[in-house]
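Have a look at the structure below before the remarks.
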Amino acid sequence: IAFGASRAVYLDNPAAESALSEALRLGTESELWPQLVELLTVAVERAPENLDRRFDLAAAQMRLKLWSLAVEQLQVVTAARPEDRPAAHNMAMALTAASRWHEARAAWDKVVALGTDGDTLARRAEVLMDLELWNEAALDLSAARELDPSSVETLLNLATALEHKTQTL
């Protein structure tokens, strides 16, 4: 009820940013992703220069697995804010989920350039494996393993990459 009331106030009065903020908070807490996508789409149409709203819209679209729509929003955000690591990360995630491997690889390269951690390296390595770039994947997975030695998934992927790497030698 509170979400609907806040949503209605914002839709009736585009200047009611506090109502939009409240609706976004309540919708997120209640995981009302389809309604949030609808509301954020209106917010972005009303203020296309608001990059934070575009980021929020992309995040909600990702919850609904609307990968291509999320990529469209994130392209705008990352073009305007190239150092925005969360936006770059979400872009890489959406491209990966959409199986757009070459674009995903470039996006993960950008995320790594903005700051490396084990998870980021492991995710980029998964894309490299999909591209059958076993040597590069093994390097990323080795580095990821050093940063997070407890990750079983990283260890298994490293074993796979190393196996394929030796088969191609």
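This structure is a prediction, so every number in the text was calculated from the model and none was measured.
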Could you tell me whether Asp130 and Arg100 make a salt bridge, using a distance below 4.0 angstrom between a side-chain N and a carboxylate O? no
Between Lys110 and Pro82 (side chain of the first, backbone of the second, donor and acceptor by atom type, cut-off under 3.5 Å), is there such a pair? yes
So that I can tick it off, tell me whether Glu38 and Arg7 are bridged by a salt bridge, with the cut-off set at under 4.0 angstrom between side-chain N and carboxylate O. yes
Can we say Lys165 and Glu136 salt-bridge, meaning some charged N sits less than 4.0 Å from an Asp/Glu carboxylate O? no
For Ala88 and Leu114, the nearest pair of non-hydrogen atoms, with its separation, is CB-CD1, 3.9 Å
pair Arg81-Asp52: side-chain heavy atoms closer than 4.5 Å: yes
Same cluster for Leu141 and Val112 if Ile/Leu/Val/Met/Phe/Trp/Tyr side chains link at under 4.5 Å? no
How about Leu57 and Val37: do any of their side-chain heavy atoms sit closer than 4.5 Å? yes
Closest approach of Leu36 and Thr28, non-hydrogen atoms and distance? CD1-N, 3.5 Å
Leu20: which of Val42, Leu39, Leu11, Asn13 passes side chain to side chain contact (heavy atoms under 4.5 Å, CB included): Leu39
Quick one: do the Ser150 and Asp148 side chains pair a donor with an acceptor below 3.5 Å? yes
Heavy atoms of Leu40 and Arg53 approach each other most closely as CD2-CD, 4.0 Å
Answer yes or no: is there an ion pair linking Arg25 with Glu22, defined by an N-O contact shorter than 4.0 Å? yes
Side chain to side chain, Asp109 and Arg124, heavy atoms closer than 4.5 Å: yes
Look at the rings of His164 and Trp134 and say which category their plane angle falls in: under 30° parallel, 30 to 60° tilted, over 60° perpendicular. parallel
Within-4.5 Å side-chain heavy-atom neighbours: Thr160 and Leu156: no
Smallest separation among heavy atoms of Ala94 and Val71, with atom names: CB-CG2, 3.7 Å
Testing the basics here: between Gln73 and Arg54, what is the closest heavy-atom pair and its distance to 0.1 Å? OE1-NH1, 2.7 Å
Going hydrophobic residue to hydrophobic residue with side-chain gaps under 4.5 angstrom, can you get from Leu121 over to Leu95? no
Given side chains that start at C-beta, do those of Thr120 and Arg85 come closer than 4.5 Å, heavy atoms only? yes
Check whether any side-chain N or O of Arg145 sits under 3.5 Å from a backbone N or O of Pro149 as a donor-acceptor pair, and report yes or no. yes
Other residues, nucleotides and ligands only: do more than 12 of their heavy atoms fall within 6.0 Å of CD on Glu153? no
Heavy-atom closest pair, residues Leu147 and Gly118: CD1-N, 3.6 Å
Any side-chain heavy-atom pair of Gln61 and Ser68 under 4.5 Å: no
Would you check if Pro86 and Phe55 make a side-chain contact, meaning some heavy-atom pair closer than 4.5 Å? yes
Pair Thr96, Trp108 - check side chain to side chain donor-acceptor pair (under 3.5 Å), show working. CA-CA 9 Å; Thr96 301; Trp108 282 116; 2.8 Å; yes
Row check, Tyr10 ring normal vs Arg46 NZ/CZ: under 6.0 Å, within 45°: yes
